[in-house]
J.: 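First the structure, which I've put down as structure tokens, then a few questions once you've had a look.
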Amino acid sequence: MTVEALPFPGLRGVPVAEVPATAKEYSSDQEVRWCPGCGDYVILKTVQGFLPGLGLRRENIVFISGIGCSSRFPYYLDTYGMHSIHGRAPAIATGLATTRGDLSVWVVTGDGDALSIGGNHLIHAMRRNVNLKILLFNNRIYGLTKGQFSPTSEAGKVTKSSPDGSVGAPFNPVALALGADATFVARAIDSDRTGLTEVLRAAAAHRGTALVEIYQNCPIFNDGAFEVLKNPAESARRLVRLRDGATYDIDGRSYVHDVRSASAESSWALSRLDDGSMARVPVGIFRRVERQTFDDQVRGNPARAEKGDDTAFFSLLAGADPWTVA
Amino acid sequence: MTVEALPFPGLRGVPVAEVPATAKEYSSDQEVRWCPGCGDYVILKTVQGFLPGLGLRRENIVFISGIGCSSRFPYYLDTYGMHSIHGRAPAIATGLATTRGDLSVWVVTGDGDALSIGGNHLIHAMRRNVNLKILLFNNRIYGLTKGQFSPTSEAGKVTKSSPDGSVGAPFNPVALALGADATFVARAIDSDRTGLTEVLRAAAAHRGTALVEIYQNCPIFNDGAFEVLKNPAESARRLVRLRDGATYDIDGRSYVHDVRSASAESSWALSRLDDGSMARVPVGIFRRVERQTFDDQVRGNPARAEKGDDTAFFSLLAGADPWTVA
Amino acid sequence: MEAKTAKQIDSIVIRFAGDSGDGMQLTGDRFTQESAVFGNDLATLPNFPAEIRAPQGTLAGVSSFQVQVAEHAVLTPGDAPDVLVAMNPAALRVNAGEVARGGTIIVDTQEFTARNLTKAGYRSNPLEDGSLADYTVHPIDMTSLTVAAVKEFGLGRKDAARAKNMFGLGLLSWMYGRPTESTEAFIRSRFAHKPAIREANLAAFRAGWNYGETTEAFAVSYDVRPAPMRPGLYRNITGNTALAYGLMAAARSAGLELFLGAYPITPASDILHELSKHARFGVTTFQAEDEIAGACAAIGASYGGALGVTSTSGPGVCLKSEALGLAVSLELPLVVVDVQRGGPSTGLPTKTEQSDLLQALFGRNGEAPLPVIAPRSPADCFAAAVEAARIAIRYRTPVMLLSDGYLANGSEPWQIPQPGDLPSIDPGFATEPNHETDDGARAFWPYKREPETLARPWAVPGTPGLEHRIGGIEKGDGHGNISYEPGNHDLMVRTRQAKVDRITQVIGDTWVDDPDGDAELLVIGWGSTYGPVAEACARLRKQGNSVAHAHLRALNPFPRDLGEVLRRYRRVVCPEMNLGQLSMLLRAKYLVDVVGHNQVRGLPFQVSEIEDALLIHLLEVGR
Amino acid sequence: MEAKTAKQIDSIVIRFAGDSGDGMQLTGDRFTQESAVFGNDLATLPNFPAEIRAPQGTLAGVSSFQVQVAEHAVLTPGDAPDVLVAMNPAALRVNAGEVARGGTIIVDTQEFTARNLTKAGYRSNPLEDGSLADYTVHPIDMTSLTVAAVKEFGLGRKDAARAKNMFGLGLLSWMYGRPTESTEAFIRSRFAHKPAIREANLAAFRAGWNYGETTEAFAVSYDVRPAPMRPGLYRNITGNTALAYGLMAAARSAGLELFLGAYPITPASDILHELSKHARFGVTTFQAEDEIAGACAAIGASYGGALGVTSTSGPGVCLKSEALGLAVSLELPLVVVDVQRGGPSTGLPTKTEQSDLLQALFGRNGEAPLPVIAPRSPADCFAAAVEAARIAIRYRTPVMLLSDGYLANGSEPWQIPQPGDLPSIDPGFATEPNHETDDGARAFWPYKREPETLARPWAVPGTPGLEHRIGGIEKGDGHGNISYEPGNHDLMVRTRQAKVDRITQVIGDTWVDDPDGDAELLVIGWGSTYGPVAEACARLRKQGNSVAHAHLRALNPFPRDLGEVLRRYRRVVCPEMNLGQLSMLLRAKYLVDVVGHNQVRGLPFQVSEIEDALLIHLLEVGR
Ligand SMILES: Cc1ncc(C[n+]2csc(CCOP(=O)(O)OP(=O)(O)O)c2C)c(N)n1
Ligand SMILES: Cc1ncc(C[n+]2csc(CCOP(=O)(O)OP(=O)(O)O)c2C)c(N)n1
Ligand code: SF4
Ligand code: SF4
Ligand SMILES: [Mg+2]
Ligand SMILES: [Mg+2]
């Protein structure tokens, strides 16, 4: 196997292809079954269009998902894939990424999957900094179960399970990730192919857990949730495109955005810029710092290099005080 | 039942006693069974000493814990209590607090219980802002299972389950809480009775979820973890006692601590002040903002006030299209 | 034009099928409702894909709704549809094979384009290639007729065409002489704020009716007369709604708040949806972060003196299992609703199955017995929920209520209880010390039991003088403090089992239907197989066979007389939608050679299938 | 002084008991090790409180270690200790009642202060009030003797006194003529970096020996000669260690990385601890955030081509159950270790029980069968782990390995395998397409099965051309794409069951010990009851009775011949540390009236207890 150094540290160890597959070859033979107009389609297209650029062998890419509309994603990509159980994709991916440094491992999850039932695995993956790329399709609703509010739904949302309005403030996924000390946190919008591709490339390049929140429209149960960020008249005013080193004014204070800052000061301030009204919504990269990854450390454990031959093994079995019966 | 307004909004609705119980009356008839020297003893004493000051009826106080050494706490208090299952105390307490506005509900948990297996319930309780007081006994180790590293153990820690050193950065519980948009976050030290009492009182006064991280010594499996914060020579230099409105210099920048700030800027900066070296460790209140509580909102749902008499109920059962068979 | 003739028939099975977006569930619901109001007995079977809206026109996107209406008691939605309404080629393809030979098929020809035929996998047009020769086919351009009928309301073509399901409903309503008032009222209220759409739907509905009345194509209409039913007030109800109402009724009877901790999951979510509407009746619903939290919050609520309930499906039961063990140990009331679906794992989320029975009984660590109750029909979900709650409260125990996907979404007429019909339930909260210590002091012992039921006291926080601590570590008999004593553990394990066994006190004897009294074959079932099994037995009896039918509502404990019942027959057959779970329990407990008849297809049994299987057994036992 | 006499005995049961801080586990371990090296057969039973270190001197804080050593084969740690070493009044109080009448009790008198006596609940001093008249009591001031012996090393009194357990060990070593080299070597290496403590412990140990040798109190020493054992290299090993080594051996034999995903829980944590030491042997341990993540990470590792393992105890199995359903559906190798403890709920965390058998079999939604294997003794955990892993790999299935708290911490001599002893295991990874499509193209079908085993291919990421997607929704036979087709579901449910049933191919026939051949009574057990059952049978046979003993290692599927075996006997008795779980399975499957003998005390059966129970059965069957 050729193992080449790529411009992507996040993919170090993953073999590159002689002839990378095309976007079309990344599409599986399975019929795509989301609702007409679902934001998941454009994300799928963007991912299929972006993967060839990584130059990897298709067989060394794995997509692991939980349960939800978004979690059908792996079926549509002609890579290795697993559609697992609700909320557990980060845990499964952790086992895979830790044992297999030669794979590029992606997680696809929804706002319910990642932040409701799967919240704990998500924050632990970020804390450990496993080399995983997590795509969180946030449509602020439970799509697959037909429209209950999710932990990112705005407070007071009227849904099937909250006819009197939902109670409780929503999570801010970016702030939560920062609180868990995530090394890479970004946000993108389903329909913004350029912005999404850019963020995906940065995520792939990042060595460690990369959380990418993708605002995704669910035309059936939460249509237009992000409409103001898409319609050209409004979006220019509302979207704050993040650039490292640029200056942003927040609450009368000015912040030079430093994605690599240890204190994550600008990242934090920017993460809380949107108070839920979407008056100003940052997209792009909030944070991108280096920290040893969990899987590199496990695989790099010096003890693994010690001699583990048969002699050593059978002497381990024998222990300190064996005796012989003649 | 006398329901008096207390100086503690967090206890609004909880009946006060004519003659509050004494510290001694708060101690149950069960023999305390922690190891000699365990930090849990002093916390217990402090809590027993502090409870009478709330002026409540003993029977309206409930302590709910998970599993761990710390989670034995409820057995030793002569209030209502439940020693439940590992990690789930916040969820159980949520059900109780939501249905019973007349109770003062406390959760006792450990760093493993709250942040490992129970991480998800913890962040959701804080997101929802249920009126619970959560005491997180952080000894940076799994005590009850005899000494494995926990999610707050320093990276590289050598324990029974990590002979080659643990892998992965620890959680910063305060930062995690801020990321989950907790309305009240504080830290105290087991042996600092005054500081702990002060924080407990503020927590009791807070209406909403109050997370109190308590640094607790485990002399058996992680002895002296917080020693530098206790020994008088060092502690003065290292401890940063938080006061609202005071100014703190962090990374060359100066912050006026504002516990009530919506952006939580100083809270965040202070939460990250300790980089793990304990060179400067803030104790006291990081954040204390008001937000509607989950349980108040649920109980205050205007729909609950609508007439729900037998006529209404049987007409509900009949539905829109009943018919009569004669 | 001369008046058309109406032919008398005693029952009919109709299936509406179309794309997920075609509104087939609604159409079926309305037809059902019309029939219910008319006074027929009926049963329904909705069937929809796991995808929210699979690509239009594909086989995967087909959604259907079947209903049987009859002038006699009806227990199943029917095996094979007599009439299929297929709104597109995919719907025809998926469903045609199941239509009874000689049945009627009505299609919307507009959708039979080359493209749609290909999507459905047809190589030639079935309306033209003779492949439907065995059926009476009515090709109708419903879309165009609908669009024409609603032209005046100024809708776009797409919106106009969307009303075609009402056209179909109107046609069928005419064919079977259904009363139309309730549907018209429904349309008016549903689209109250969208006048154009309201009028279009009304117009399409009437156009369908008129189409039947006017055109030559339909020479006769049919008349299914009302079924004899016990006098009373009725409504049509689905299992999930009935179950939700049952829980509310029980809480009401006991004077308790009802607290539901749940996480959405198909096919249980509608229980959460239904209960969330009823805050006014003292119902609190908590959509938890996961199933564990849902169960735990319910335990917390029960600890505080509410009726705690948690509802889910099989995968959720997995997650709740540790918490249920805690509830067993805490001995607090709790109702756990498992609406079973196809497994294992994610399985077939929208399909039905009975494969969680052993999980309900044994899916916890240690000896952790809990009672299990299963409703047998959609409407029976009400009574079963009341019973589950009553047992939970009286015996201070979690109770598993095992519904399934078929019961959940299926519907049937239900006689609505009247004030006074509901049993009163006494929560019997502890209010004072129950024990005298050696030194004569009065104390509260949280595990001192009521001798008859072995139930422990329910002492809720806020009660002065009864402060106590409970937990999941083994507790000392009586005083309830932690105890590691070997003999105590053995005693407590046996006592918890004995308490569940005592529930035979309230569940009554086995329900057995053995009209002839000389049957040698017993069919025993549980849960939703009731309908097909009972109907199969009825048919066999009509043919002169003797067959007995026992149906279990309590799966744990079994009724006291069950062993005796089983031993009365030469052969015992147990049909289940699993690989033989109840069979195993019966064989183990009674050493009776119960023979399973098992099917795991995600669908309810067909009556004919059970009939056939039983016929063979009848031959074998020689009657 | 004249040389003391040594009396020949064939076995002895010794129990060391003291405060949690007194080092009783270590003392017991060392005595065991000395006896093992000496060549006795032996079995041990550690017993410690759930609290880390309950208050000193209290009954709750007592920790004990029992060992039986013998010149013949030994299967249990013995019913009643012949010798009790009690380091304080609490230890005496808790344990004295179990000492065999006429047995020996050695106490440290220093601890028998008024305060300690009260703490232990004594009203008068048992050393003085005659209550121990039935025993030979040796009151020795061990603390003072130890302090005096170690004076020269300059330790504080507390540290000095701490060596008193070594004094006790020295004394017992003298009494039973144990070789002392291994303990001296052990002390030297353990305290290599603390010279004062090292020397103190050595001195205390020798002082104890000399005390026995010198004083009048002990007139005789005892001689338990080496037991005959098959020639070979032996060591003493606990169940948890053996289990960990077995997993490593299996992975090694298969050429796979071993990945353990686990969350600490008593009594399974030591498996995690042990495996975490062996990175050099290709072992990765992942201490997960919870049990769910532990199981899921192991599934991820298996998907990537490692041997995924997850270890836990009953409450953890609850949490893993949804993930295990996924593994059943994915059909990937996985070993799930459940070290059973007292339940339900948190139960008795440090005690043993066999009450998770039904959970192992049925604790998942839907029909989710998986094989279950149970070791029967501490050393057997090695072989059972190898077998579980082999089945998991060969049949592509999760396998449940059911150990228990007694096996986990108990120990016995184990014949160490030599290179070449281990079976070779072929993971048989898929490397190329396995299917030809209609149009003649080569394709990879992830659910196309090997006809003999019904196992599906294991195609790991990184293999070119085999890209495929798997998941927990029902899969179409062969191609493995999502399928909602009813017939396919029925087929897949039955195929998964058939695959597990085929494992009879490799598990062999039922292990039956029926030396006389004319027994009418069969005792059937599983797991850790092997020792007491086998010993009870041996005793009964010595008394001239015929009794047969079958012991199951595979609980799912059962061996092919099991029904036939059961039917050979007039009576079948099944002793279990639960309320009758295996009994139920056997009764259901074979319709044989298996009679349970059940005990749920958190402790292994006593041999005598089983003997007594069987005697009654023997009388009843008339032999
Ligand atoms: C254990 C379990 N609980 C619940 C469900 C039901 N369920 C499936 S997906 C889902 C939530 C989907 O929401 P989200 O993750 O936001 O994905 P979306 O469908 O919106 O893409 C739920 C509750 C399940 N499949 N498994
Ligand atoms: C489901 C489950 N998993 C694991 C355990 C074992 N367990 C009990 S407490 C504990 C961790 C204790 O650590 P922590 O919460 O920090 O409490 P401490 O003992 O340090 O106070 C673990 C892993 C359990 N009881 N239940
Ligand atoms: S329900 Fe919403 S998220 Fe799901 S497929 Fe349909 S549009 Fe997409
Ligand atoms: S192990 Fe540690 S935390 Fe637990 S009781 Fe002992 S000292 Fe306290
Ligand atoms: Mg969503
Ligand atoms: Mg801890």
Side-chain angles (χ1 to χ4, degrees), chain A residues 87 98 115-130 151 155-156 163-183 250-251 253 261-265 267-269 271-273 275 291-298 300-304, chain B residues 87 98 115-130 151 155-156 163-183 250-251 253 261-265 267-269 271-273 275 291-298 300-304:
Chain A
T98 303
L115 295 168
S116 196
I117 194 167
N120 205 29
H121 309 303
L122 183 76
I123 60 179
H124 278 272
M126 296 188 294
R127 168 179 81 75
R128 294 193 184 103
N129 202 28
V130 189
D164 303 330
S166 62
V167 177
F171 271 137
N172 175 334
V174 172
L176 184 67
L178 294 174
D181 216 352
T183 55
I250 304 174
D251 268 350
R253 187 152 178 177
S261 138
S263 69
E265 192 191 43
S267 316
W268 175 256
S271 81
R272 299 179 59 93
L273 179 56
D275 56 4
R291 194 168 80 220
Q292 268 215 302
T293 74
F294 180 82
D295 43 314
D296 284 336
Q297 263 188 288
V298 169
N301 179 357
R304 286 175 70 92
Chain B
T98 303
L115 295 169
S116 198
I117 194 167
N120 205 30
H121 309 304
L122 183 75
I123 59 178
H124 278 272
M126 297 189 292
R127 168 178 81 75
R128 293 192 185 103
N129 201 29
V130 190
D164 304 328
S166 63
V167 177
F171 271 137
N172 175 331
V174 173
L176 184 68
L178 294 174
D181 218 351
T183 54
I250 304 174
D251 269 349
R253 189 154 175 174
S261 140
S263 70
E265 192 190 43
S267 317
W268 175 257
S271 81
R272 299 180 59 93
L273 179 56
D275 57 5
R291 194 168 78 219
Q292 268 215 303
T293 74
F294 180 83
D295 44 314
D296 283 337
Q297 263 189 287
V298 168
N301 179 357
R304 286 175 70 93

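First the proteins, then the strands, lettered A, B, ... as listed; each starts at 1.
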J.: Please state whether the side chain, the backbone, both or neither of A:Ile117 comes within less than 4.5 Å of a heavy atom of chain B.
T.: backbone
J.: With sequence neighbours left out, what residues match A:Asp181 under salt bridge (charged side-chain N to carboxylate O under 4.0 Å, His left out)?
T.: A:Arg287, A:Arg291, B:Arg272
J.: Which one wins on heavy-atom pair count under 4.5 Å against chain A: B:Ala155, B:Ala169, B:Ser116, B:Gly118?
T.: B:Ala169
J.: Measure A:Asn129 against the heavy atoms of chain B and call it side chain, backbone, both or neither at under 4.5 Å.
T.: neither
J.: Name the option with the most non-hydrogen atom pairs under 4.5 Å to chain A; the candidates are B:His124, B:Met126, B:Gln297.
T.: B:His124
J.: Could you state the interatomic distance from CG (B:Leu178) to CG (A:Leu178), rounded to the nearest 0.5 Å?
T.: 11.0 Å
J.: Is chain B contacted by the side chain of A:Pro170, its backbone, both, or neither, given a heavy-atom distance below 4.5 Å?
T.: backbone
J.: Given heavy-atom pairs under 4.5 angstrom as the criterion, report whether the side chain, backbone, both or neither of A:Ala303 touches chain B.
T.: side chain
J.: Counting only non-hydrogen atoms closer than 4.5 Å, does A:Leu115 touch chain B with its backbone (N, CA, C, O), its side chain (CB onward), both, or neither?
T.: backbone
J.: Are A:Trp268 and B:Glu265 packed together at the side-chain level, in the sense that at least one heavy-atom pair is separated by less than 4.5 angstrom?
T.: no
J.: Is the side chain of A:Asn172 donor-acceptor paired with the backbone N or O of B:Gly179 at a distance under 3.5 Å, no angle test?
T.: no
J.: What residue, out of B:Ala269, B:Pro302, B:Ser263, has the most heavy-atom pairs lying under 4.5 Å from chain A?
T.: B:Ser263
J.: Does B:Asp251 have more than 12 heavy atoms from other residues, nucleotides or ligands lying within 6.0 Å of its CG?
T.: no
J.: First locate atom CD1 of B:Ile123, then atom CG of A:Asn120, and finally report the distance between them rounded to the nearest 0.5 Å.
T.: 7.0 Å
J.: A:Ala262 versus chain B, heavy atoms under 4.5 Å apart: side chain, backbone, both or neither?
T.: backbone
J.: Shorter than 4.5 Å, heavy atoms on both sides: which option in A:Arg127, A:Arg128, A:Arg253, A:Gln292 has the most such pairs with chain B?
T.: A:Arg127
